[in-house]
Amino acid sequence: MDEYFLLGRSGLRVSRLALGTMNFGTGGFHAAYGLREEQAAPIFHRYLDAGGNLIDTADFYTAGESEEMLGRLIAGVREKLVLTSKFTNSVDPGDPNAGGNGRKHMIRAVEDSLRRLRTDYLDLFLLHTWDRLTPIEEVLHTFDDLAAAGKIRYAGLSDVPAWYAARAQTLASRPLVTLQLPYSLIDRAIETEHVAAGQELGLGITAWSPLAGGFLTGKYRSGDSGRLAGQSWTEQQWNLLSVLEKVSRELDVTMAQVALNWVITQPGVAAAIVGASSAAQLDTSLAALDFELPAELRASLDEASAIPPAKPYSMFTPEYQSWIINVGAKVGDKPTGYQPPVRNWAR
Ligand SMILES: NC(=O)c1ccc[n+]([C@@H]2O[C@H](COP(=O)([O-])OP(=O)(O)OC[C@H]3O[C@@H](n4cnc5c(N)ncnc54)[C@H](OP(=O)(O)O)[C@@H]3O)[C@@H](O)[C@H]2O)c1
(Lines give C-alpha, C1' and ligand atoms only; values in the text may rest on other atoms or scores of the structure.)
Protein backbone atom coordinates (compact mmCIF):
# COMPACT_ATOMS: atom_id res chain seq x y z
CA MET A 1 0.00 0.00 0.00
CA ASP A 2 2.98 2.37 0.00
CA GLU A 3 3.05 2.40 -3.80
CA TYR A 4 0.87 4.77 -5.78
CA PHE A 5 0.05 4.67 -9.45
CA LEU A 6 -1.04 7.21 -11.98
CA LEU A 7 -4.76 6.94 -12.68
CA GLY A 8 -5.31 6.52 -16.42
CA ARG A 9 -3.44 9.09 -18.48
CA SER A 10 -3.33 11.65 -15.67
CA GLY A 11 -1.00 12.93 -12.98
CA LEU A 12 -3.28 11.76 -10.16
CA ARG A 13 -1.56 9.25 -7.85
CA VAL A 14 -3.83 6.60 -6.40
CA SER A 15 -3.59 3.43 -4.32
CA ARG A 16 -4.17 0.15 -6.11
CA LEU A 17 -6.77 -0.77 -3.52
CA ALA A 18 -9.57 1.76 -3.14
CA LEU A 19 -11.91 1.75 -0.16
CA GLY A 20 -15.56 1.22 -1.12
CA THR A 21 -18.04 2.84 1.26
CA MET A 22 -21.35 1.64 -0.20
CA ASN A 23 -22.06 -0.05 3.16
CA PHE A 24 -21.26 2.99 5.34
CA GLY A 25 -24.65 3.93 6.80
CA THR A 26 -27.90 2.13 7.35
CA GLY A 27 -30.34 4.00 5.11
CA GLY A 28 -31.88 3.42 1.69
CA PHE A 29 -31.09 0.70 -0.81
CA HIS A 30 -28.19 -0.81 1.19
CA ALA A 31 -29.90 -0.70 4.58
CA ALA A 32 -29.90 -4.47 5.10
CA TYR A 33 -26.13 -4.78 5.43
CA GLY A 34 -25.10 -1.22 6.23
CA LEU A 35 -22.75 -0.20 9.03
CA ARG A 36 -23.22 2.30 11.80
CA GLU A 37 -20.54 4.96 12.20
CA GLU A 38 -18.84 3.20 15.12
CA GLN A 39 -18.48 0.11 12.87
CA ALA A 40 -17.39 2.03 9.76
CA ALA A 41 -14.86 4.33 11.43
CA PRO A 42 -12.30 1.58 12.27
CA ILE A 43 -12.43 0.39 8.63
CA PHE A 44 -11.79 3.90 7.35
CA HIS A 45 -8.92 4.53 9.79
CA ARG A 46 -7.31 1.14 9.06
CA TYR A 47 -7.33 1.96 5.35
CA LEU A 48 -5.69 5.32 5.93
CA ASP A 49 -3.13 3.91 8.38
CA ALA A 50 -2.08 1.37 5.74
CA GLY A 51 -1.37 4.25 3.34
CA GLY A 52 -4.52 4.10 1.19
CA ASN A 53 -5.74 7.32 -0.42
CA LEU A 54 -8.55 6.40 -2.85
CA ILE A 55 -12.05 6.62 -1.32
CA ASP A 56 -15.16 5.67 -3.31
CA THR A 57 -18.70 6.76 -2.48
CA ALA A 58 -21.85 7.91 -4.32
CA ASP A 59 -24.70 10.29 -3.59
CA PHE A 60 -27.27 7.52 -3.26
CA TYR A 61 -25.27 5.05 -1.16
CA THR A 62 -27.29 4.46 2.01
CA ALA A 63 -29.48 7.39 0.94
CA GLY A 64 -26.69 9.95 1.43
CA GLU A 65 -25.49 8.55 4.77
CA SER A 66 -22.25 7.23 3.29
CA GLU A 67 -21.26 10.74 2.22
CA GLU A 68 -22.42 12.27 5.50
CA MET A 69 -20.38 9.76 7.49
CA LEU A 70 -17.34 10.35 5.31
CA GLY A 71 -17.81 14.09 5.79
CA ARG A 72 -17.17 13.57 9.49
CA LEU A 73 -14.42 10.94 9.05
CA ILE A 74 -12.29 12.91 6.59
CA ALA A 75 -11.98 15.96 8.85
CA GLY A 76 -8.28 16.76 9.15
CA VAL A 77 -7.15 14.33 6.42
CA ARG A 78 -9.23 15.50 3.47
CA GLU A 79 -6.31 16.94 1.48
CA LYS A 80 -4.47 13.59 1.42
CA LEU A 81 -7.47 11.79 -0.05
CA VAL A 82 -8.59 11.19 -3.59
CA LEU A 83 -12.27 11.60 -2.80
CA THR A 84 -14.60 10.11 -5.40
CA SER A 85 -18.36 10.46 -5.68
CA LYS A 86 -20.93 9.74 -8.38
CA PHE A 87 -24.27 11.01 -9.65
CA THR A 88 -27.11 9.53 -11.77
CA ASN A 89 -29.53 7.80 -9.43
CA SER A 90 -32.70 9.65 -8.54
CA VAL A 91 -32.83 11.46 -5.23
CA ASP A 92 -36.56 12.29 -5.66
CA PRO A 93 -38.71 9.81 -7.62
CA GLY A 94 -41.41 12.45 -8.19
CA ASP A 95 -39.04 14.82 -10.02
CA PRO A 96 -37.79 13.75 -13.49
CA ASN A 97 -34.81 16.11 -13.18
CA ALA A 98 -33.72 14.74 -9.80
CA GLY A 99 -31.91 11.83 -11.47
CA GLY A 100 -30.17 10.95 -14.74
CA ASN A 101 -27.19 12.65 -16.31
CA GLY A 102 -28.59 16.02 -17.45
CA ARG A 103 -26.85 19.27 -16.51
CA LYS A 104 -29.53 20.29 -14.01
CA HIS A 105 -29.16 17.11 -11.99
CA MET A 106 -25.35 17.00 -12.30
CA ILE A 107 -25.02 20.45 -10.74
CA ARG A 108 -27.56 19.69 -8.02
CA ALA A 109 -25.81 16.37 -7.31
CA VAL A 110 -22.35 17.86 -6.92
CA GLU A 111 -23.62 20.63 -4.64
CA ASP A 112 -25.43 18.07 -2.47
CA SER A 113 -22.39 15.76 -2.34
CA LEU A 114 -20.07 18.62 -1.36
CA ARG A 115 -22.44 19.65 1.42
CA ARG A 116 -22.71 16.11 2.79
CA LEU A 117 -18.96 15.51 2.47
CA ARG A 118 -18.16 18.90 4.08
CA THR A 119 -15.62 19.75 1.43
CA ASP A 120 -15.21 22.36 -1.33
CA TYR A 121 -14.23 19.94 -4.09
CA LEU A 122 -14.28 16.34 -5.27
CA ASP A 123 -11.10 14.82 -6.65
CA LEU A 124 -13.11 12.54 -8.93
CA PHE A 125 -16.69 13.02 -10.06
CA LEU A 126 -18.17 10.09 -11.95
CA LEU A 127 -21.25 9.54 -14.03
CA HIS A 128 -22.65 6.50 -12.16
CA THR A 129 -24.66 4.80 -14.93
CA TRP A 130 -25.48 5.55 -18.56
CA ASP A 131 -29.07 6.92 -18.66
CA ARG A 132 -29.51 6.22 -22.40
CA LEU A 133 -30.89 9.74 -22.91
CA THR A 134 -28.54 12.60 -22.13
CA PRO A 135 -26.23 13.66 -24.99
CA ILE A 136 -22.60 13.06 -23.99
CA GLU A 137 -21.71 16.62 -25.07
CA GLU A 138 -23.95 17.94 -22.27
CA VAL A 139 -22.26 15.74 -19.68
CA LEU A 140 -18.78 16.76 -20.88
CA HIS A 141 -19.58 20.49 -20.90
CA THR A 142 -20.94 20.23 -17.38
CA PHE A 143 -17.84 18.34 -16.20
CA ASP A 144 -15.75 21.15 -17.75
CA ASP A 145 -17.78 23.85 -16.03
CA LEU A 146 -17.54 22.08 -12.67
CA ALA A 147 -13.76 21.72 -13.07
CA ALA A 148 -13.44 25.41 -14.05
CA ALA A 149 -15.52 26.37 -11.01
CA GLY A 150 -13.12 24.41 -8.78
CA LYS A 151 -15.79 21.92 -7.67
CA ILE A 152 -14.13 18.85 -9.20
CA ARG A 153 -10.55 18.03 -10.11
CA TYR A 154 -11.05 15.08 -12.49
CA ALA A 155 -14.01 13.33 -14.13
CA GLY A 156 -14.80 9.79 -15.19
CA LEU A 157 -17.49 7.26 -16.05
CA SER A 158 -18.93 4.21 -14.37
CA ASP A 159 -21.12 1.48 -15.88
CA VAL A 160 -21.30 2.72 -19.46
CA PRO A 161 -20.96 0.85 -22.77
CA ALA A 162 -17.40 0.89 -24.13
CA TRP A 163 -18.54 2.72 -27.28
CA TYR A 164 -19.97 5.47 -25.08
CA ALA A 165 -16.69 5.80 -23.16
CA ALA A 166 -14.80 5.98 -26.47
CA ARG A 167 -17.12 8.68 -27.79
CA ALA A 168 -16.86 10.63 -24.55
CA GLN A 169 -13.07 10.53 -24.46
CA THR A 170 -12.83 11.46 -28.15
CA LEU A 171 -15.01 14.54 -27.66
CA ALA A 172 -13.68 15.60 -24.26
CA SER A 173 -11.62 18.79 -24.14
CA ARG A 174 -10.46 17.88 -20.62
CA PRO A 175 -9.73 14.13 -20.83
CA LEU A 176 -11.58 11.77 -18.53
CA VAL A 177 -9.29 9.65 -16.37
CA THR A 178 -11.18 6.59 -15.18
CA LEU A 179 -13.78 3.93 -15.93
CA GLN A 180 -15.41 2.20 -12.93
CA LEU A 181 -16.78 -1.23 -13.83
CA PRO A 182 -17.70 -4.61 -12.30
CA TYR A 183 -14.75 -6.98 -12.55
CA SER A 184 -13.80 -10.17 -10.76
CA LEU A 185 -13.03 -13.83 -11.43
CA ILE A 186 -16.82 -14.32 -11.44
CA ASP A 187 -17.55 -11.54 -13.89
CA ARG A 188 -15.05 -10.98 -16.71
CA ALA A 189 -17.50 -9.43 -19.18
CA ILE A 190 -15.52 -6.15 -19.40
CA GLU A 191 -12.65 -7.99 -21.06
CA THR A 192 -14.73 -8.08 -24.25
CA GLU A 193 -14.44 -4.35 -24.95
CA HIS A 194 -13.90 -2.14 -21.90
CA VAL A 195 -10.37 -3.23 -21.01
CA ALA A 196 -9.04 -2.47 -24.48
CA ALA A 197 -11.02 0.80 -24.52
CA GLY A 198 -9.50 1.83 -21.20
CA GLN A 199 -5.97 1.03 -22.31
CA GLU A 200 -6.36 2.72 -25.67
CA LEU A 201 -8.05 5.84 -24.27
CA GLY A 202 -6.01 6.39 -21.10
CA LEU A 203 -8.88 5.50 -18.77
CA GLY A 204 -7.67 3.60 -15.71
CA ILE A 205 -10.19 0.91 -14.78
CA THR A 206 -11.29 0.71 -11.17
CA ALA A 207 -12.93 -2.65 -10.48
CA TRP A 208 -16.03 -2.81 -8.29
CA SER A 209 -17.15 -5.94 -6.44
CA PRO A 210 -13.73 -7.59 -6.96
CA LEU A 211 -14.78 -10.31 -4.47
CA ALA A 212 -18.19 -10.71 -6.16
CA GLY A 213 -19.75 -9.23 -3.05
CA GLY A 214 -18.00 -11.83 -0.82
CA PHE A 215 -18.61 -15.01 -2.87
CA LEU A 216 -14.92 -15.31 -3.75
CA THR A 217 -13.92 -15.38 -0.08
CA GLY A 218 -15.31 -18.93 -0.03
CA LYS A 219 -17.65 -18.34 2.86
CA TYR A 220 -20.87 -18.94 0.94
CA ARG A 221 -20.18 -22.50 -0.13
CA SER A 222 -22.79 -23.99 2.15
CA GLY A 223 -25.22 -21.59 0.50
CA ASP A 224 -27.28 -21.31 3.65
CA SER A 225 -26.23 -18.06 5.26
CA GLY A 226 -25.25 -14.49 4.69
CA ARG A 227 -26.02 -11.71 2.31
CA LEU A 228 -25.63 -13.70 -0.93
CA ALA A 229 -27.63 -16.72 0.23
CA GLY A 230 -30.51 -16.07 -2.20
CA GLN A 231 -28.27 -15.96 -5.29
CA SER A 232 -27.90 -18.90 -7.62
CA TRP A 233 -24.44 -19.76 -8.84
CA THR A 234 -23.51 -21.87 -11.86
CA GLU A 235 -21.56 -25.09 -11.86
CA GLN A 236 -18.63 -23.23 -13.46
CA GLN A 237 -18.65 -20.73 -10.60
CA TRP A 238 -18.62 -23.45 -7.92
CA ASN A 239 -15.78 -25.14 -9.81
CA LEU A 240 -13.90 -21.84 -9.97
CA LEU A 241 -14.22 -21.62 -6.20
CA SER A 242 -12.47 -24.97 -5.75
CA VAL A 243 -9.65 -23.92 -8.11
CA LEU A 244 -9.35 -20.66 -6.16
CA GLU A 245 -9.15 -22.61 -2.92
CA LYS A 246 -6.43 -24.88 -4.33
CA VAL A 247 -4.39 -21.85 -5.45
CA SER A 248 -4.79 -20.15 -2.08
CA ARG A 249 -3.60 -23.33 -0.29
CA GLU A 250 -0.53 -23.56 -2.51
CA LEU A 251 0.39 -19.96 -1.80
CA ASP A 252 -0.66 -20.11 1.86
CA VAL A 253 -2.85 -17.03 1.56
CA THR A 254 -6.64 -16.59 1.69
CA MET A 255 -9.02 -17.05 -1.23
CA ALA A 256 -9.99 -13.36 -0.96
CA GLN A 257 -6.34 -12.35 -1.31
CA VAL A 258 -5.87 -14.46 -4.43
CA ALA A 259 -9.09 -13.13 -5.96
CA LEU A 260 -8.04 -9.53 -5.32
CA ASN A 261 -4.46 -10.06 -6.47
CA TRP A 262 -5.78 -11.50 -9.74
CA VAL A 263 -8.04 -8.47 -10.38
CA ILE A 264 -5.42 -5.86 -9.52
CA THR A 265 -2.77 -7.41 -11.77
CA GLN A 266 -5.02 -7.83 -14.80
CA PRO A 267 -4.24 -5.59 -17.82
CA GLY A 268 -5.82 -2.15 -17.72
CA VAL A 269 -6.82 -2.31 -14.06
CA ALA A 270 -5.75 0.72 -12.02
CA ALA A 271 -7.33 -0.28 -8.72
CA ALA A 272 -9.75 -2.70 -7.10
CA ILE A 273 -12.45 -1.12 -4.93
CA VAL A 274 -12.74 -3.30 -1.85
CA GLY A 275 -15.65 -3.36 0.53
CA ALA A 276 -15.39 -4.62 4.10
CA SER A 277 -17.77 -5.10 6.98
CA SER A 278 -14.96 -5.06 9.59
CA ALA A 279 -11.40 -3.80 9.95
CA ALA A 280 -10.23 -7.44 10.18
CA GLN A 281 -11.74 -8.16 6.74
CA LEU A 282 -10.04 -5.09 5.34
CA ASP A 283 -6.69 -6.28 6.74
CA THR A 284 -7.07 -9.47 4.72
CA SER A 285 -7.74 -7.47 1.58
CA LEU A 286 -4.85 -5.06 2.10
CA ALA A 287 -2.41 -8.00 2.22
CA ALA A 288 -3.51 -9.03 -1.28
CA LEU A 289 -0.66 -7.01 -2.75
CA ASP A 290 2.04 -8.71 -0.67
CA PHE A 291 2.65 -11.70 -2.95
CA GLU A 292 3.01 -12.57 -6.62
CA LEU A 293 0.61 -14.88 -8.38
CA PRO A 294 2.84 -17.35 -10.30
CA ALA A 295 2.03 -17.63 -14.02
CA GLU A 296 0.88 -21.27 -13.87
CA LEU A 297 -1.54 -20.58 -11.00
CA ARG A 298 -2.87 -17.49 -12.77
CA ALA A 299 -3.41 -19.64 -15.85
CA SER A 300 -5.48 -22.14 -13.84
CA LEU A 301 -7.68 -19.30 -12.53
CA ASP A 302 -7.95 -17.82 -16.04
CA GLU A 303 -9.07 -21.15 -17.39
CA ALA A 304 -11.60 -21.87 -14.64
CA SER A 305 -13.19 -18.40 -14.98
CA ALA A 306 -13.03 -18.01 -18.77
CA ILE A 307 -16.17 -17.15 -20.73
CA PRO A 308 -15.81 -18.35 -24.34
CA PRO A 309 -16.13 -15.24 -26.54
CA ALA A 310 -19.10 -14.99 -28.90
CA LYS A 311 -18.70 -13.74 -32.47
CA PRO A 312 -17.33 -11.28 -33.49
CA TYR A 313 -15.10 -11.27 -30.38
CA SER A 314 -13.97 -14.85 -31.00
CA MET A 315 -12.37 -13.50 -34.19
CA PHE A 316 -10.05 -11.24 -32.19
CA THR A 317 -8.35 -13.96 -30.13
CA PRO A 318 -4.62 -14.55 -30.69
CA GLU A 319 -5.40 -18.14 -31.80
CA TYR A 320 -7.93 -17.08 -34.42
CA GLN A 321 -5.80 -14.20 -35.63
CA SER A 322 -2.66 -16.23 -36.13
CA TRP A 323 -4.65 -19.02 -37.80
CA ILE A 324 -6.71 -17.03 -40.28
CA ILE A 325 -5.12 -13.60 -40.56
CA ASN A 326 -1.63 -14.95 -40.00
CA VAL A 327 -0.01 -11.57 -39.44
CA GLY A 328 2.38 -11.36 -36.52
CA ALA A 329 1.96 -15.04 -35.77
CA LYS A 330 4.00 -14.51 -32.63
CA VAL A 331 1.60 -12.65 -30.38
CA GLY A 332 3.18 -10.98 -27.37
CA ASP A 333 2.34 -11.88 -23.77
CA LYS A 334 -0.17 -9.70 -22.01
CA PRO A 335 1.40 -7.11 -19.76
CA THR A 336 1.32 -8.01 -16.09
CA GLY A 337 1.68 -4.54 -14.56
CA TYR A 338 -0.37 -1.42 -15.00
CA GLN A 339 2.11 1.47 -14.85
CA PRO A 340 5.41 2.04 -13.09
CA PRO A 341 4.83 2.72 -9.41
CA VAL A 342 5.42 6.09 -7.83
CA ARG A 343 7.10 5.02 -4.64
CA ASN A 344 6.60 6.44 -1.18
CA TRP A 345 4.55 9.36 -2.35
CA ALA A 346 3.32 11.60 0.45
CA ARG A 347 4.58 9.31 3.20
N1 LIG B 1 -20.09 1.85 -9.77
C2 LIG B 1 -20.94 0.95 -9.36
O3 LIG B 1 -22.00 0.73 -9.98
C4 LIG B 1 -20.67 0.15 -8.12
C5 LIG B 1 -21.50 -0.95 -7.81
C6 LIG B 1 -21.21 -1.68 -6.66
C7 LIG B 1 -20.14 -1.30 -5.84
N8 LIG B 1 -19.38 -0.21 -6.16
C9 LIG B 1 -18.24 0.21 -5.28
O10 LIG B 1 -17.44 -0.92 -5.04
C11 LIG B 1 -17.28 -1.11 -3.62
C12 LIG B 1 -17.08 -2.55 -3.32
O13 LIG B 1 -18.22 -3.32 -3.72
P14 LIG B 1 -18.59 -4.65 -2.97
O15 LIG B 1 -18.85 -4.34 -1.52
O16 LIG B 1 -19.63 -5.35 -3.75
O17 LIG B 1 -17.15 -5.38 -3.08
P18 LIG B 1 -16.56 -6.77 -2.76
O19 LIG B 1 -15.15 -6.49 -2.35
O20 LIG B 1 -16.78 -7.70 -3.91
O21 LIG B 1 -17.41 -7.36 -1.53
C22 LIG B 1 -17.21 -6.81 -0.27
C23 LIG B 1 -17.96 -7.66 0.77
O24 LIG B 1 -17.40 -8.96 0.84
C25 LIG B 1 -17.32 -9.39 2.19
N26 LIG B 1 -15.88 -9.52 2.53
C27 LIG B 1 -14.89 -8.67 2.22
N28 LIG B 1 -13.70 -9.13 2.68
C29 LIG B 1 -13.97 -10.31 3.28
C30 LIG B 1 -13.16 -11.27 3.96
N31 LIG B 1 -11.86 -11.09 4.09
N32 LIG B 1 -13.78 -12.37 4.46
C33 LIG B 1 -15.09 -12.56 4.32
N34 LIG B 1 -15.91 -11.68 3.70
C35 LIG B 1 -15.35 -10.57 3.19
C36 LIG B 1 -17.98 -8.28 3.04
O37 LIG B 1 -19.39 -8.50 3.13
P38 LIG B 1 -20.09 -9.35 4.32
O39 LIG B 1 -19.20 -9.36 5.50
O40 LIG B 1 -21.40 -8.66 4.54
O41 LIG B 1 -20.28 -10.71 3.73
C42 LIG B 1 -17.78 -7.06 2.16
O43 LIG B 1 -18.70 -6.04 2.41
C44 LIG B 1 -18.53 -0.47 -3.01
O45 LIG B 1 -18.37 -0.12 -1.66
C46 LIG B 1 -18.70 0.73 -3.90
O47 LIG B 1 -17.83 1.76 -3.48
C48 LIG B 1 -19.62 0.51 -7.29
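Here, residue 1 is the first one in the sequence, and each next residue gets the next number. Whatever order the structure lists ligands and atoms in, that order sets their numbers, starting from 1.
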Ranking Ala287, Ala259, Gly275 by closest non-hydrogen atom to atom 22 (C) of ligand 1, top hit is Gly275

With heavy atoms and a 4.0 Å threshold, my read on which part of Asp159 contacts ligand 1 is side chain

(request) Please determine if Arg132 forms a cation-pi arrangement with Tyr164, meaning its NZ or CZ atom is less than 6.0 Å from the six-membered ring centre and no more than 45° off the ring axis. (result) no

Quick note on ligand 1: atoms under 4.0 Å from a heavy atom of Gly214 include exactly 21 (O), 24 (O), 25 (C)

Single-linkage hydrophobic cluster Trp233~Leu241, side-chain heavy atoms < 4.5 angstrom: yes

Near Thr284 (heavy-atom distance under 4.0 Å), the atoms of ligand 1 are 31 (N)

Note: heavy atom closest to atom 12 (C) of ligand 1, options Thr57, Leu126, Ile273, belongs to Ile273

Q | Same cluster (ILVMFWY, side-chain, under 4.5 Å), Ile74 and Met69 | A | yes

To atom 8 (N) of ligand 1, the nearest of Phe215, Tyr61, Tyr183 on a heavy-atom basis is Tyr61

*Do any N/O atoms on Lys86 end up under 3.5 angstrom from N/O atoms on ligand 1?*
no

The atoms of ligand 1 lying under 4.0 Å from a heavy atom of Thr21, numbered in the order shown, are 45 (O), 47 (O)

Is it the case that the side chain of Thr88 and the backbone of His128 share a donor-acceptor pair, with hydrogens and angles ignored and the cut-off at 3.5 Å? yes

In ligand 1, the atoms that come under 4.0 Å of a heavy atom of Gly20 are 11 (C), 44 (C), 45 (O), 47 (O)

Are Ile55 and Leu289 connected in a single hydrophobic cluster, I mean Ile/Leu/Val/Met/Phe/Trp/Tyr linked by side-chain heavy atoms less than 4.5 Å apart?
yes

Before signing off on this row, confirm whether Gly213 and ligand 1 have an N or O atom pair separated by under 3.5 Å.
yes

Under 4.0 Å between heavy atoms, the region of Leu282 that gets near ligand 1 turns out to be neither

Taken in chain and number order and not counting sequence neighbours, the residues that satisfy side-chain contact (heavy atoms from CB on, under 4.5 Å) with Ser15 are Met1, Tyr4, Tyr47, Asn53

- Has the side chain of Thr21 got a donor or acceptor atom that lies under 3.5 Å from a matching backbone atom of Asp56? yes

Nearest non-hydrogen contact to atom 33 (C) of ligand 1 from the set Gln180, Met22, Lys219 belongs to Lys219

Here the atoms of ligand 1 under 4.0 Å from any heavy atom belonging to Tyr220 are 41 (O)

In short, salt bridge (charged side-chain N to carboxylate O under 4.0 Å, His left out) pairs touching residues 151-175 with sequence neighbours left out are Glu111-Lys151, Glu137-Arg167, Asp144-Arg174

Logged contact type for Leu211 with ligand 1, heavy-atom cut-off 4.0 Å, is both

(Q) Under 4.5 Å between side-chain heavy atoms, counting indirect links through other Ile/Leu/Val/Met/Phe/Trp/Tyr residues: same cluster for Tyr121 and Leu12 or not? (A) no

(message) A side-chain contact here means heavy atoms from C-beta on lying under 4.5 Å apart; do Met22 and Ile273 qualify?
(response) no

Going by the 4.0 angstrom heavy-atom rule, the piece of Pro210 near ligand 1 is both

Could you say whether the N/O atoms of Val274 and ligand 1 ever approach to under 3.5 Å?
no

Ring geometry between Tyr183 and Trp262 (parallel below 30°, tilted from 30 to 60°, perpendicular above 60°) | tilted

For Asp56, the atoms of ligand 1 under 4.0 Å from one of its heavy atoms are 9 (C), 46 (C), 47 (O)

Candidates Ser85, Gly218, Ser209; heavy atom nearest atom 13 (O) of ligand 1 found on Ser209

